[in-house]
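Following: one structure in structure tokens, then a few remarks.
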Amino acid sequence: MLARLEAEGIAKGEKFINQYLLEHIPGRTLDAIKGARRKKEYKIMVGAAQNDLASSRPIEREIPDDDDEDMEVGGPAGPSTIVDDAAAMLGEAIKTLEETVRNIRGWRSEELLQLTAKSREPGEAPCEGVSQWLLDVFPPASVTPRRINTPLVNPSRAQRRRSEYARVQKLWRKSMASAVRAVLSEGEVRNEAPFSALARHWGAFVSQASVAVSEDPAWEQHPALVHLWAPIKVEEVEGAKLPFRSAAGPDRLSVRQWRAVPSSVRALLYVKVMRDGGFPAALMASRTVFLPKTLDGEDPANYRPISIMSVVVREFHKILANRIRSANILDMRQRYFEDGCAQNVAALSAAIYHARTKLRELHVVSLDVAKAFDSVSHDAIEIALRKRGFPWPFIHYVKGVYATSSTTFEHRGCSSPLYKLGRGVRQGDPLSPILFCLVVDDILSAIPPDVGFNLGDVKINCIAYADDLVLMSSTQWGMETSLRRVGEEAAKYGLLFNAKKSSALSLVPAGKQKKIKVVTDNLFRLGDGALIPQMTTTTCWKYLGVEFTCEGASKTSDDLRALLERVTKAPLKPQQRLKILRTFLIPKFYHGIVLSGTTLKRLRQLDLQSRAAVRRWLRLPHDVSKAFFHATVADGGLGIPAFETTIPALMRDRLAALASSPVPMFAAVGNAEWTGKRLQWASRLVEQRGMDLTTTAKRSKYWRDMLYASVDGRELRECRKTNLSTLWVDSGAHRIPGRDFVQHVHTRINCLPTAVRVSRGVRRSTRDVRCRAGCQETETAAHVVQNCHRTHGGRVKRHDAVCRVLAAGLRRGGWCVEEEPIVPTREGDRKPDLVCRKDELVKVVDAQIVSGAGSLDEAHKRKCKYYSQNPDMTPKISEKYAVAPKNVSYTSCTISWRGVWSSRSQGDLLLMGLTKGLLGTLTTRVLQGSHTNWTRFNKITSVCHRSAAEREGVG
């Protein structure tokens, strides 16, 4: 409200704006007005309001009348009738939502109800008052001055290392994905362009007026789009949530703040926006950030502008985008919203393979649209919407969006004034890809239907993925015709092709030689006369992340070893390196390997490289079972995906889906010879060794069974019964010191260097495996940690630490806890660890850290029976605490020395009110105590050197 008044005052020529605002808003003081005008967000709102006043006009005037002679109306109702019906329907929906919102406290719902009760008057700006309501609900927070650390003078190597470690850890806590990108990036941008050059270049570019399109197509309501401008439902709002990591717009309203607003309140606001015809200009402003496309950032054109609007607008546009996608109105050749990468790459590969094996002429041209999203004409968007019968209110809403849109450029802490957007769609807006693809569909329609390449019974003339266009033809004349018509149609909409980034491949049969030859002479030109580079037998081009040569998709050349070395050298904790490998690095290779092809030998090499890196990070010995690396975290492993079992299954799933595609072109690709050979190779590997590895669950079972069949993994078989046993491996593991994490892993997989462990692969007669403490028992890790007399004191400390954590957690939950009370019975004194009372209930809890060789649930039962079957225990407890005997019960805290929980013990403790977070800390506490026991044993145990006869038990 204040910003709009200032814009009106400036338009009237007022010289003293502060006094002008004070007169029109008597409820505010002069200091409050001055303070509001100093804020950056307020200045943006004023500029947007000025643009709105200069360009806004009532939407009702833009709607043609039913009796307009130039307007063709197909259907029983004209545009004005449809608009009126939509307005009535939206009004009824507002009344329904208002009843729900009245029962909601907070969020200034009364003010919102007052806004919705008021309809927009002719000439009034859309949704007047919404911006002020948002400011009232989410007032700008006070900004704390950022602390600037004084850089060190001539820092040492250790100081630089600590500084870099602190920087990466801070970035990891803020955004794990950003930290991963920083670690895996190939290098910093060189020769970065100054902000003044960026603002000057992109400001002049985006502010240029759109190319005028004189076409005036007839409009007819599309039946599948009738629901597009229907009232938004609460369920749609809940299903269109933006991710929390999404950046805030110019109003600095975060996704987390907006998602805290009840869905019914948000739905009411969106329905009001639909009734009023749009958002206020202040909310249509955006901020544009720049992402470098190459490492050489000196040229401003080498940056990609990403526009960030308010999260309120983005969520609304996401709802509309979901509705449009459900209507399924895009050209079948446009695969941006499907599994387009797999389908398009497979189609191109199958066509090249068919041409080479069947000796068929094939011409392929990959076209690059120069600054496609930023160049498309706004008139072209309107024409595309009218051609497909979008509702009139939606068409006018989109026109209003681009008529009032403005942006500021931000880069490296600098910002620019507002720029009016004259053309292009905003990258970062959920609605932009669909609007752009609709324009591309018009371009695709210009391709002659009789031109293309025959794959089986289907003709393929084009495959598209947003602005990535690939044209195909079986003749040179056909390709020239397609290029000419596509170029003319694209230029009409303000789009131009970049010849330098485009490429052409021509395969021509060599007559009687029964071979295919690659034409290296330039054959094709764009509309402006520029030659398209021709591919040779040695060159390649990249399409949708896959490299292509004259022989088709080439085997991926990405080197996992180099990326692993980069992760190794990065200042990260071991568990963070595992997270990057598991979640980011290995999946990064899936796309290229699955679609370009590979060999079993290559897959095994990649698995060896990943396991070698993990062994280096965790200092694991060479004889650790490989199943421990590839078993899932829930099953007790490290969860590292295995290329050998994952890639064939992914390849089989993605290629097999082509044959059942509803699009005839891709169904033909699914039945092509190239696809059949790939499926045959993948199926053979998926069913290897008599195992069925077709699904994720079956692959997990394969590695799980292999882990539990090993000597070291047998005691982990109960991990999958409860996630408390494995939370520390993946969830929040960055809070554990790296050294402790490595020790936890060593204890979990039983790779502590005991006498038995180091004797593996050596003849037992040459090495003594008896306990070095003189127990005359075999020195295994289980014996040292659980039974040896040298570690008795450590076991007591480990047990007491568990009891202290339990007691503290129970007291916070409202239990009165008595530790280690002595209960005399006829069978002897009983001394449970904890006796807890709450109201009229008494719970006896006894902690035990046991071996995992047997069933942990059975160990839990035995501990409970030890107390419950004592005839004097329950009467003594009920008498002492003055409760009925039936209110006395027994449970245990049962964990194995390798950090595996009894599921029944966990269930009882959770019922007592303990949290999973607290019980998860007990897991790491037990692992830490077990490793400490082993360390103490190894330090204080002397080695007795015996003769060979003594080692063999002779004499």
Side-chain angles (χ1 to χ4, degrees), residues 575 578-579 581-583 586 611 614 618 620 624-642 644-646 649 691-733 736 741 744-751 781-782 848-861 863 891-911 914-927 930:
Q575 57 268 38
L578 283 179
K579 185 71 174 180
L581 178 63
R582 183 191 306 119
T583 310
I586 290 181
R611 289 197 296 268
V614 174
L618 302 180
L620 293 173
V624 171
S625 171
K626 70 176 183 179
F628 177 65
F629 296 90
H630 300 308
T632 63
V633 172
D635 293 331
L638 296 177
I640 308 301
E644 183 179 353
T645 57
T646 304
M691 298 291 295
D692 183 7
L693 305 177
T694 54
T695 64
T696 302
K698 292 178 180 179
R699 291 192 294 273
S700 299
K701 184 179 183 302
Y702 171 77
W703 291 113
R704 178 172 67 244
D705 294 344
M706 187 182 296
L707 174 63
Y708 297 164
S710 64
V711 174
D712 296 331
R714 187 175 301 133
E715 292 190 16
L716 304 180
R717 62 189 178 277
E718 295 191 41
C719 277
R720 59 195 306 262
K721 291 184 178 181
T722 167
N723 62 353
L724 284 182
S725 306
T726 55
L727 279 176
W728 62 274
V729 179
D730 188 31
S731 177
I736 302 176
F741 184 86
H744 296 346
V745 172
H746 287 187
T747 306
R748 168 59 60 88
I749 196 53
N750 191 30
C751 66
Q848 58 175 350
I849 297 147
V850 299
S851 170
S855 172
L856 295 177
D857 287 342
E858 289 298 326
H860 167 73
K861 287 182 181 179
K863 177 61 70 173
T891 188
S892 74
C893 174
T894 302
I895 317 175
S896 77
W897 67 277
R898 291 165 69 173
V900 181
W901 275 82
S902 163
S903 59
R904 294 193 175 185
S905 173
Q906 172 213 338
D908 289 349
L909 295 176
L910 290 177
L911 289 176
L914 295 176
T915 64
K916 281 194 173 184
L918 183 138
L919 298 182
T921 60
L922 292 180
T923 308
T924 54
R925 186 62 188 85
V926 169
L927 288 167
S930 298

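Starting from 1, each residue takes its place in the sequence as its number. Excluded from the calculations below are hydrogen atoms, water molecules and symmetry mates; all remaining heavy atoms, backbone and side chain alike, are included.
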Partner residues of H744 under the ring-ring contact (aromatic ring centres under 6.0 Å, His included) criterion, sequence neighbours left out
W728
If I take atom OG1 from residue T923 and atom CG from residue L724, how far apart are they, to the nearest 0.5 angstrom?
5.5 Å
For the atom pair CH2 (W703) and OG (S625), what is the distance rounded to the nearest 0.5 Å?
8.5 Å
Got T694 and K698 here, is their nearest side-chain heavy-atom distance under 4.5 Å?
yes
Can you name the closest pair of heavy atoms from L578 and F741 and give their distance?
CD1-CE2, 3.8 Å
For K916, what residues pass the salt bridge (charged side-chain N to carboxylate O under 4.0 Å, His left out) criterion, not counting sequence neighbours?
none
Would you call D705 and K701 a salt bridge, using N to O less than 4.0 angstrom?
yes
What one should report as the nearest heavy-atom pair of G637 and V729 is O-CG1, 4.2 Å
For the student: nearest non-hydrogen atoms of S902 and H860, plus distance:
OG-CB, 3.7 Å
For R699, check side chain to side chain contact (heavy atoms under 4.5 Å, CB included) against everything at least two apart and list the hits.
T645, T646, A649, L693, T696
In Å and rounded to the nearest 0.5 Å, what is the OG to CG distance from S725 to L927?
9.5 Å
Given W901, which of N723, T726, L919 fulfils the side chain to side chain contact (heavy atoms under 4.5 Å, CB included) condition?
L919
When you look at S896 and L856, which way does the side chain to side chain contact (heavy atoms under 4.5 Å, CB included) test go after all the steps?
CA-CA 7 Å; S896 77; L856 295 177; 4.0 Å; yes
Are L716 and V900 side-chain neighbours, meaning at least one heavy-atom pair lies under 4.5 Å?
yes
State which residues pass side chain to side chain contact (heavy atoms under 4.5 Å, CB included) with K579; sequence neighbours excluded, sorted by chain then number.
W172, M176, R582, T583, D730
Least distance between heavy atoms, C893 atom then S905 atom
CA-OG, 3.3 Å
Mind listing the closest non-hydrogen atom pair of W897 and S930 along with its distance?
O-OG, 2.8 Å
Test your reading of the model: is there a side-chain donor-acceptor pair from R714 to the backbone of V711, 3.5 Å cut-off?
no
What pairs with R898 under salt bridge (charged side-chain N to carboxylate O under 4.0 Å, His left out), at least two apart in sequence or on another chain?
E715
The reported gap from CE in M706 to CZ in F628 (rounded to nearest 0.5 angstrom) is 15.0 Å
Residue pair L638 / L618: nearest heavy atoms and the distance that separates them:
CD1-CD1, 3.8 Å
Show every salt bridge (charged side-chain N to carboxylate O under 4.0 Å, His left out) that has at least one partner inside residues 899-911, sequence neighbours left out.
none
Residue pair C751 / L620, side-chain heavy-atom distance below 4.5 Å:
yes
Looking at CZ of R720 and OG of S700, how far apart are the two atoms once the value is rounded to the nearest 0.5 Å?
9.0 Å
Are T924 and I736 packed together at the side-chain level, in the sense that at least one heavy-atom pair is separated by less than 4.5 angstrom?
yes
Residue of the set Q848, Q906, E858, K861 for which side-chain hydrogen bond (donor to acceptor under 3.5 Å, both in side chains) holds with T894:
Q848
What distance do L909 atom CG and L922 atom CG have between them, rounded to the nearest 0.5 Å?
8.5 Å
